[in-house]
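I have placed the structure first, in the form of structure tokens, so that the comments after it can refer back to it.
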Amino acid sequence: MSVPQSPEEFLQRVWVAVAASISGGSGGTEVLALVGRVCTQLLPVDGASISMVAGARTREALYSGDETSDRIQRLQVSLGEGPSYQAYAMRRPILLPDLAADPGTRWPVFATEIGAYPVGALFAFPLQRGAITIGALDLYRRQPGWLSSEEVTIALRIVDIATLALLALRVDSLQGEWVVALPLERAQVHQATGMLISGLGVTAEQALAKLRAHAFAVGRMVDEIADDLVCGRILPADIEL
């Protein structure tokens with residue numbers, strides 16, 4: 001989709017395309033990918049990712065535009081901390097124009113880990129509608145730099161589109177089921193969590209906390225540990241150690 005002179009006109013075309021895709025039953029990750037591409041077309045950012053809230057302090061990474069965006073999401077899911085967690089909790093954008101200059105006291109482990117990747121700035125926006133917050137949109141740029149007030153306004157318009165798209169993709173607001181299929185690694189985290197609930201007699205939140213703690217202790221990602229559990233390379237008892 002080419003960008004016309006007016007960002008407002010372009011965003012209107014995007015919303016029409018998103019609405020048509022959803023009403024036609026061809027939504028899912030294709031819709032989220034469209035929203036993600038719009039971010040890099042209209043804003044001075046190098047990548048975007050979209051996540052949803054799936055329980056207490058839990059995120060489901062539904063879309064990542066590139067490898068770095070994916071790494072940003074995976075780190076946050078593994079550590080249970082980061083800009084999208086704070087954006088969700090505070091219900092406002094978290095704008096970090098220069099990561100190197102940020103003291104990292106808000107998310108010390110995340111700040112240390114992300115320093116190994118080409119990320120100069122991070123911008124996290126909560127996806128919310130009224131009193132409901134359902135996820136976050138994360139943007140990054142390789143070089144440090146602010147978003148202008150006009151660019152923040154554009155980002156907030158994209159956030160509105162992403163929020164409405166996620167709400168429309170929901171199958172059952174009571175059961176929390178979604179049209180979009182989770183990536184394999186996230187589905188495995190769910191399966192591994194269930195194995196820990198059954199094997200260790202803990203709650204879902206405790207099971208996820210144990211997965212995170214074990215992953216941190218051995219220097220790996222949560223989805224990697226989940227894969228080991230699901231494939232039988234380790235047992236629930238190994239996580240308890």
Side-chain angles (χ1 to χ4, degrees), residues 1 3 7 10-11 14 32-53 57 59-128 133 135-163 183 185 212 215-216 219-224:
M1 184 180 293
V3 181
F10 181 59
L11 287 171
V14 170
L32 302 182
L34 171 60
V35 175
R37 289 194 298 270
V38 168
C39 294
T40 55
Q41 287 177 286
L42 290 184
L43 298 169
V45 298
D46 295 298
S49 57
I50 297 172
S51 60
M52 74 174 183
V53 176
R57 295 189 61 77
R59 298 290 183 278
E60 301 290 4
L62 298 180
Y63 165 79
S64 295
D66 61 7
E67 183 178 349
T68 301
S69 294
D70 181 63
R71 188 66 179 187
I72 292 169
Q73 283 294 343
R74 292 178 68 197
L75 275 175
Q76 292 185 95
V77 169
S78 287
L79 300 172
E81 66 174 32
S84 70
Y85 281 83
Q86 187 172 6
Y88 169 76
M90 300 184 70
R91 293 177 56 83
R92 66 172 178 82
I94 301 299
L95 309 178
L96 296 171
D98 190 346
L99 278 181
D102 188 83
T105 54
R106 287 171 285 190
W107 334 289
V109 181
F110 174 82
T112 299
E113 294 289 334
I114 203 63
Y117 294 86
V119 180
L122 267 175
F123 310 102
F125 297 84
L127 302 181
Q128 55 194 18
T133 305
L137 170 71
D138 284 9
L139 308 173
Y140 87 91
R141 59 195 300 176
R142 297 186 183 94
Q143 299 299 323
W146 271 105
L147 296 177
S148 69
S149 58
E150 180 181 356
E151 289 161 351
V152 170
T153 299
I154 292 172
L156 291 174
R157 285 293 314 281
I158 297 173
V159 163
D160 287 341
I161 294 173
T163 302
E185 64 272 14
R212 284 175 172 153
F216 179 75
R220 300 175 66 199
M221 303 295 286
V222 161
D223 50 22
E224 294 171 345

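It should be emphasised that the depicted structure is a prediction, and the values quoted were computed from it without experimental measurement. When a residue number appears, it is its place in the shown sequence, counting from 1.
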Margin query: Among Ile154, Ile158, Asp138, which residue satisfies the side-chain contact (heavy atoms from CB on, under 4.5 Å) criterion with Cys39?
Written below: Ile158
Next item on the list: Could you pull out all residues at least two apart from Arg71 that satisfy salt bridge (charged side-chain N to carboxylate O under 4.0 Å, His left out)?
Entry: none
Item checked: Side-chain heavy atoms of Tyr140 within contact of Leu99, under 4.5 Å -> no
Notebook entry, point to check: So which heavy atom on Ile50 is nearest to which on Leu32, and how close?
Noted result: CD1-O, 3.8 Å
Next item on the list: Evaluate the criterion side chain to side chain donor-acceptor pair (under 3.5 Å) for residue pair Gln143 and Asp46; output intermediate values, then yes/no.
Entry: CA-CA 9 Å; Gln143 299 299 323; Asp46 295 298; over 6 Å; no
Notebook entry, point to check: Got Leu139 and Leu122 here, is their nearest side-chain heavy-atom distance under 4.5 Å?
Noted result: no
Item checked: Ser64: partners by side chain to side chain contact (heavy atoms under 4.5 Å, CB included), with sequence neighbours left out -> Ser49, Ser69, Asp70, Gln73
Notebook entry, point to check: What pair of heavy atoms forms the shortest contact from Phe125 to Leu156, and how long is it?
Noted result: CD2-CD2, 3.8 Å
Item checked: Minimum-distance pair of heavy atoms, taken over all atoms of Ala87 and Ala124 -> CB-O, 3.9 Å
Item checked: From CD1 (Ile72) to OH (Tyr117), nearest 0.5 Å -> 10.5 Å
Next item on the list: Any pair with a residue in residues 89-99 that passes salt bridge (Lys or Arg N to Asp or Glu O under 4.0 Å), sequence neighbours left out, goes on the list, sorted by first then second residue, please.
Entry: none
Notebook entry, point to check: Under 6.0 Å from the CD atom of Glu224, do we count more than 12 heavy atoms belonging to anything else shown?
Noted result: yes
Margin query: I'd like to know whether Trp146 forms a side chain to side chain donor-acceptor pair (under 3.5 Å) with Glu151, so could you lay out the CA-CA distance, the side-chain angles of the two residues, the decisive distance to 0.1 Å, and finally the verdict.
Written below: CA-CA 9 Å; Trp146 271 105; Glu151 289 161 351; over 6 Å; no
Next item on the list: State, yes or no, whether a side-chain contact exists between Leu42 and Leu11 at a heavy-atom distance under 4.5 Å.
Entry: yes
Notebook entry, point to check: Yes or no on side chain to side chain contact (heavy atoms under 4.5 Å, CB included) for Arg106 and Leu96, after CA distance, side-chain angles and deciding distance?
Noted result: CA-CA 12 Å; Arg106 287 171 285 190; Leu96 296 171; 2.7 Å; yes
Item checked: Closest non-hydrogen atom pair between Ile94 and Pro83, with its separation -> CG1-O, 3.9 Å
Notebook entry, point to check: Would a distance-only check, ignoring hydrogens and angles, find a side-chain to backbone donor-acceptor pair under 3.5 Å from Glu81 to Phe110?
Noted result: yes
Next item on the list: Start with the C-alpha gap between Gln128 and Tyr88, add the side-chain angles, then the distance that decides, and say whether side chain to side chain contact (heavy atoms under 4.5 Å, CB included) holds.
Entry: CA-CA 9 Å; Gln128 55 194 18; Tyr88 169 76; over 6 Å; no
Next item on the list: Go through Leu127 and Asp160 one step at a time and tell me if the side chain to side chain contact (heavy atoms under 4.5 Å, CB included) criterion holds.
Entry: CA-CA 7 Å; Leu127 302 181; Asp160 287 341; over 6 Å; no
Check: Could you go step by step and tell me if Phe123 and Leu137 meet the side chain to side chain contact (heavy atoms under 4.5 Å, CB included) rule?
Finding: CA-CA 8 Å; Phe123 310 102; Leu137 170 71; over 6 Å; no
Check: How many angstroms lie between CZ in Arg74 and CD in Glu67, if you round to the nearest 0.5 Å?
Finding: 9.5 Å
Note to self: With rounding to the nearest 0.5 angstrom, report the CG to CH2 distance, Leu79 to Trp107.
What the structure shows: 12.0 Å
Item checked: Student check: side-chain heavy atoms of Pro118 and Thr68 closer than 4.5 Å -> yes
